[in-house]
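One structure follows; several queries about it will come next.
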Amino acid sequence: MNDVLIIGTVAFDTIETPFGKVEKALGGSATYASFAASFFSKPALISVVGNDFPKEYIELIKKRKIDVDGLKITGKTFHWDGFYEYDMNEAKTRKTELNSLEHFKVEVPEKYKNIKYVFLANIDPEQQLETLRQMDKPDFVVLDTMNFWINNKRKLLMDAIKKVDVLLLNDGEARQLFKTINLVKAANDALSLGVKAVIIKKGEHGALLFTKNKHFSAPGYPLENIKDPTGCGDSFGGAFIGYLAKTKDLSERNFRKAIVYGSVVASHNAEDFGLNRLRHLTINDIEKRYKEFHDIREF
Ligand code: AMP
């Protein structure tokens, strides 16, 4: 039985960082998120790819026991082309080719409709809303987004945020979405829309959790070897919801643990290009770094 539903992009990524370049590598928000979630739970994926999408990439996804019955194949695969300069916290987009994503009509397979944990990973907010409309009654919904959708579909994005439990976004996106430079103010604005928690990811500097009365700050992991941060936000979100689905505990205290697991998986993800690191990651690697996180923040 699948216990987490993830909708987002499955993509070709062309990425350039100061440490190298890859072309048309397997990427996409749903790919990273479901790989990360699969260390803790059994994800089911909803997305679309083109007829040009290699079978080996689908096999790679299936190998992590991710259910791909919700993956449609039509037209050409979504392609993101981006680069990072020495400040690896900020991805710069060269090109976004929506291709088959542009006319993608979400159809949630019958067998997914009663899944209780839903991750609306970064994708068109119209498709995020449509997924929610078709679900029976999820217990817990997390939403992630990015500047592309804030710029192009702000109104629909706001409608979607009002329907979820947790809003996940990075610091730049939080400032952009709520039109303020102050992250506490951005978080309070998000809480006033009705979400129960806001998580603001700050790249290598960690993540902040805001709930109505509490505030938690998770440190970043001091990584010496960063090659490619693409997918760190999605991996964070996937591990976060995967851990919550596994433990079935939605207390603020358990959110904190889930955030640290999110940071652990994201920090591993940055160590190599594309999905190269997550493909070979083990739960032992994750648990080892989770313990180190404990030490980092004890004083
Ligand atoms: P992040 O976790 O923020 O680094 O997300 C990286 C992933 O987002 C890449 O693998 C891209 O394929 C994907 N992506 C880029 N632009 C978009 C977009 N506009 N909508 C959805 N996914 C995107």
Side-chain angles (χ1 to χ4, degrees), residues 6-17 22-37 45-50 53 57 60-61 76-84 87-102 104 106 119-128 131 142-154 156-157 160 168-174 176 199-204 207 226-241 262-263 265-279:
I6 297 174
I7 173 172
T9 49
V10 174
F12 283 146
D13 280 354
T14 296
I15 305 162
E16 192 173 354
T17 82
V22 288
E23 288 196 28
K24 293 206 167 176
L26 172 61
S29 58
T31 313
Y32 282 103
S34 54
F35 264 62
L45 183 149
I46 293 186
S47 194
V48 62
V49 290
F53 196 70
Y57 283 3
L60 213 61
I61 298 173
K76 266 179 81 178
T77 303
F78 170 79
H79 179 211
W80 179 70
D81 185 338
F83 66 100
Y84 301 83
D87 176 7
M88 302 258 273
N89 280 324
E90 197 195 346
K92 304 214 166 92
T93 297
R94 268 199 193 103
K95 229 177 2 185
T96 302
E97 295 169 329
L98 293 176
N99 296 332
S100 53
L101 192 70
E102 193 169 359
F104 174 43
V106 172
F119 184 21
L120 307 174
N122 181 23
I123 198 167
D124 188 330
E126 218 166 319
Q127 291 151 353
Q128 294 177 319
T131 304
V142 179
L143 180 145
D144 191 6
T145 192
M146 75 181 284
N147 52 7
F148 186 88
W149 304 114
I150 300 174
N151 289 331
N152 296 315
K153 302 232 173 161
R154 188 192 186 84
L156 278 166
L157 179 60
L168 189 64
L169 71 190
N170 71 31
D171 44 359
E173 292 154 359
Q176 188 191 359
I199 298 170
I200 300 182
K201 299 166 284 183
K202 297 185 72 192
E204 61 184 316
I226 301 185
K227 281 194 184 153
D228 172 20
T230 306
C232 282
D234 312 312
S235 308
F236 179 101
F240 174 77
I241 197 162
S263 304
V265 177
S267 70
H268 277 295
N269 177 62
E271 290 172 343
D272 206 343
F273 275 86
L275 283 146
N276 289 344
R277 185 67 187 102
L278 292 194
R279 276 172 68 178

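Atoms within each ligand, like the ligands themselves, are counted from 1 in listed order. Keep in mind that this is a model prediction, so the values were computed, not measured.
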Is it true that Phe78 lies under 4.0 Å from ligand 1, counting heavy atoms only?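 Yes, that is the case, since the closest heavy atom of the residue is under 4.0 Å from the ligand.
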Considering Asn122, Asp228, Asp234, which one's heavy-atom position lies nearest to atom 6 (C) of ligand 1?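 Among Asn122, Asp228, Asp234, the closest heavy atom to atom 6 (C) of ligand 1 comes from Asp234.
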Under 4.0 Å from a heavy atom of Tyr32: give me the atoms of ligand 1 that qualify, with their elements.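 With Tyr32 as reference, the close atoms of ligand 1 come out as 10 (O).
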As a test of understanding, state which of Asp13, Thr9, Thr93 forms a side chain to side chain donor-acceptor pair (under 3.5 Å) with Trp80.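 Among the candidates, only Thr93 passes.
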Heavy-atom contacts with Gly27 under 4.0 Å: which atoms of ligand 1 show up? List them by number with element.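 Contacts of ligand 1 toward Gly27, numbered from 1: 10 (O).
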Please determine whether any non-hydrogen atom of Ala91 lies less than 4.0 Å from an atom of ligand 1.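 Outside the 4.0 Å threshold, so no.
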Taking only heavy atoms of Ala11, which atoms of ligand 1 are found under 4.0 Å from at least one of them?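 Ligand 1 atoms under the 4.0 Å threshold to Ala11: 12 (O).
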Quick one: does Thr230 get an N or O within less than 3.5 Å of an N or O on ligand 1?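 Between Thr230 and ligand 1, no N or O pair is found under 3.5 Å apart.
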Which of the numbered atoms in ligand 1 are below 4.0 angstrom from a heavy atom of Gly28?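 Taking each heavy atom of Gly28 in turn, ligand 1 has 9 (C), 10 (O), 12 (O) under 4.0 Å.
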Can you find a non-hydrogen atom of Phe12 under 4.0 Å from ligand 1?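 Phe12: no contact with ligand 1 (<4.0 Å).
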Looking only at non-hydrogen atoms, which of Ala30, Ser47, Gly231 approaches atom 4 (O) of ligand 1 most closely?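 The option holding the nearest heavy atom is Gly231.
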Using a strict threshold of under 4.0 Å (side-chain N to carboxylate O), is an ion pair present between Arg94 and Asp81?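 Judged by the 4.0 Å cut-off on N to carboxylate O distance, Asp81 and Arg94 do form a salt bridge.
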